[in-house]
Amino acid sequence: MTLHLKKLSVGAQSVEDLEAWRDHVVARNKAATGEEVMDHVTRMWPRRGGELLDGGSLYWVIKKAIRCRQRILDLREAVGEDGVKRCAIILDPEILPTEARRCRPFQGWRYLEPEAAPADAAGAAATGLPLKLRDELAELGLL
């Protein structure tokens, strides 16, 4: 059974900011290991990892709404400079825009059931309309 994660993208003001961060992470990993992957290291290891690896995605919360997702490819152990074991969530570098869905603030990550996950963006949202305009259209029920 598929399961997703949702996570705050701290510091990102837009999907474009997340894309720039992705490019930085991929370049860093390529230089360090030769592998072109994006990872996101988190302190806690998901207990339901098998479900995440069964087609799950990480849904990014940017400016109080889920805005995009990346497919989860793997979960790997990562050891920090402090010697503490962590979980590296290996993500598909492709960032897929989703329909904007408001989300309350939270810390860390949360599981997201498939029926609660927003659909991938279609129509106007996929054409690259500015975030503010997309939000206003969504609030009016026009998107």
Side-chain angles (χ1 to χ4, degrees), residues 1-33 35-78 80-82 84-143:
M1 180 177 188
T2 300
L3 184 67
H4 306 295
L5 291 178
K6 65 179 176 178
K7 173 99 176 79
L8 297 176
S9 182
V10 178
Q13 298 297 308
S14 67
V15 174
E16 292 77 18
D17 287 348
L18 182 63
E19 289 170 338
W21 177 68
R22 174 213 45 210
D23 295 344
H24 169 76
V25 171
V26 169
R28 180 198 67 204
N29 287 339
K30 185 175 181 181
T33 67
E35 194 176 10
E36 286 191 53
V37 298
M38 180 178 177
D39 62 350
H40 180 72
V41 179
T42 183
R43 190 170 52 98
M44 302 299 291
W45 192 281
R47 291 186 180 154
R48 299 173 68 184
E51 294 171 83
L52 295 172
L53 296 176
D54 187 24
S57 290
L58 192 151
Y59 284 78
W60 290 104
V61 177
I62 301 171
K63 295 191 67 125
K64 300 181 183 178
I66 295 173
R67 308 238 180 240
C68 58
R69 70 180 179 92
Q70 289 177 274
R71 289 183 307 116
I72 298 173
L73 302 176
D74 198 6
L75 301 174
R76 298 180 187 166
E77 184 177 281
E81 292 179 8
D82 56 2
V84 175
K85 293 180 183 178
R86 294 179 171 85
C87 177
I89 303 169
I90 308 301
L91 301 167
D92 184 329
E94 182 179 15
I95 296 174
L96 303 166
T98 65
E99 294 177 354
R101 172 142 332 139
R102 288 289 200 210
C103 186
R104 290 181 168 202
F106 59 92
Q107 291 184 340
W109 48 262
R110 297 287 183 267
Y111 290 115
L112 180 64
E113 297 293 335
E115 59 273 4
D120 287 348
T127 64
L129 286 175
L131 182 61
K132 185 176 180 180
L133 180 57
R134 280 198 329 226
D135 284 349
E136 290 173 6
L137 289 172
E139 285 181 24
L140 294 171
L142 299 173
L143 191 66

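Owing to the predicted nature of the structure, the values given are computational and were not obtained by experimental measurement.
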Determine whether [X] and [Y] make a side-chain contact, defined as any pair of heavy atoms from C-beta on separated by less than 4.5 Å.
X     : Y      : answer
Met44 : Trp109 : yes
Leu18 : Cys68  : yes
Val61 : Arg104 : no

To the nearest 0.5 Å, tell me how far [X] [atom1] sits from [Y] [atom2].
X      : Y      : atom1 : atom2 : value
Met38  : Ile89  : CE    : CD1   : 10.0 Å
Leu112 : Thr2   : CG    : OG1   : 12.0 Å
Cys87  : Glu77  : SG    : CD    : 9.5 Å
Leu8   : Gln107 : CG    : CD    : 9.0 Å
Arg102 : Lys63  : CZ    : NZ    : 9.5 Å

Grab the two heavy atoms, one from [X] and one from [Y], that are nearest each other, plus how far apart they are.
X     : Y     : result
His4  : Tyr59 : CG-CE1, 3.6 Å
Gln13 : Asp17 : N-OD2, 2.8 Å
Leu53 : Ile72 : CD2-CG2, 4.0 Å
Arg86 : Gly80 : NH1-CA, 3.5 Å
Leu75 : Gly49 : CD1-CA, 3.6 Å
Ile62 : Ala12 : CG2-O, 3.5 Å

In this structure, is the centre-to-centre distance between the rings of His40 and Trp60 below 6.0 Å?
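Trp60 vs His40: aromatic centres under 6.0 Å.
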Return the set of residues passing salt bridge (charged side-chain N to carboxylate O under 4.0 Å, His left out) with [X] (not counting sequence neighbours), or none when no residue passes.
X     : value
Glu51 : Arg48
Asp74 : Arg76
Lys30 : Glu36
Asp23 : none

Mind checking side-chain hydrogen bond (donor to acceptor under 3.5 Å, both in side chains) for Asp54 and listing every partner two or more places apart, or none if nothing turns up?
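So Asp54 forms no side-chain hydrogen bond (donor to acceptor under 3.5 Å, both in side chains) with any residue.
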When you measure from the side chain of [X] to the backbone N and O of [Y], does any donor-acceptor pair fall under 3.5 Å?
X      : Y      : value
Arg101 : Ala116 : yes
Asp92  : Arg71  : no
Thr98  : Arg67  : yes
Gln70  : Ile95  : no

Verdict with reasoning, Asn29 to Glu35, per side chain to side chain contact (heavy atoms under 4.5 Å, CB included):
CA-CA 6 Å; Asn29 287 339; Glu35 194 176 10; 5.8 Å; no
Of all pairs that satisfy side chain to side chain donor-acceptor pair (under 3.5 Å), the ones with a partner from residues 110-120, not counting sequence neighbours
Arg69-Asp120
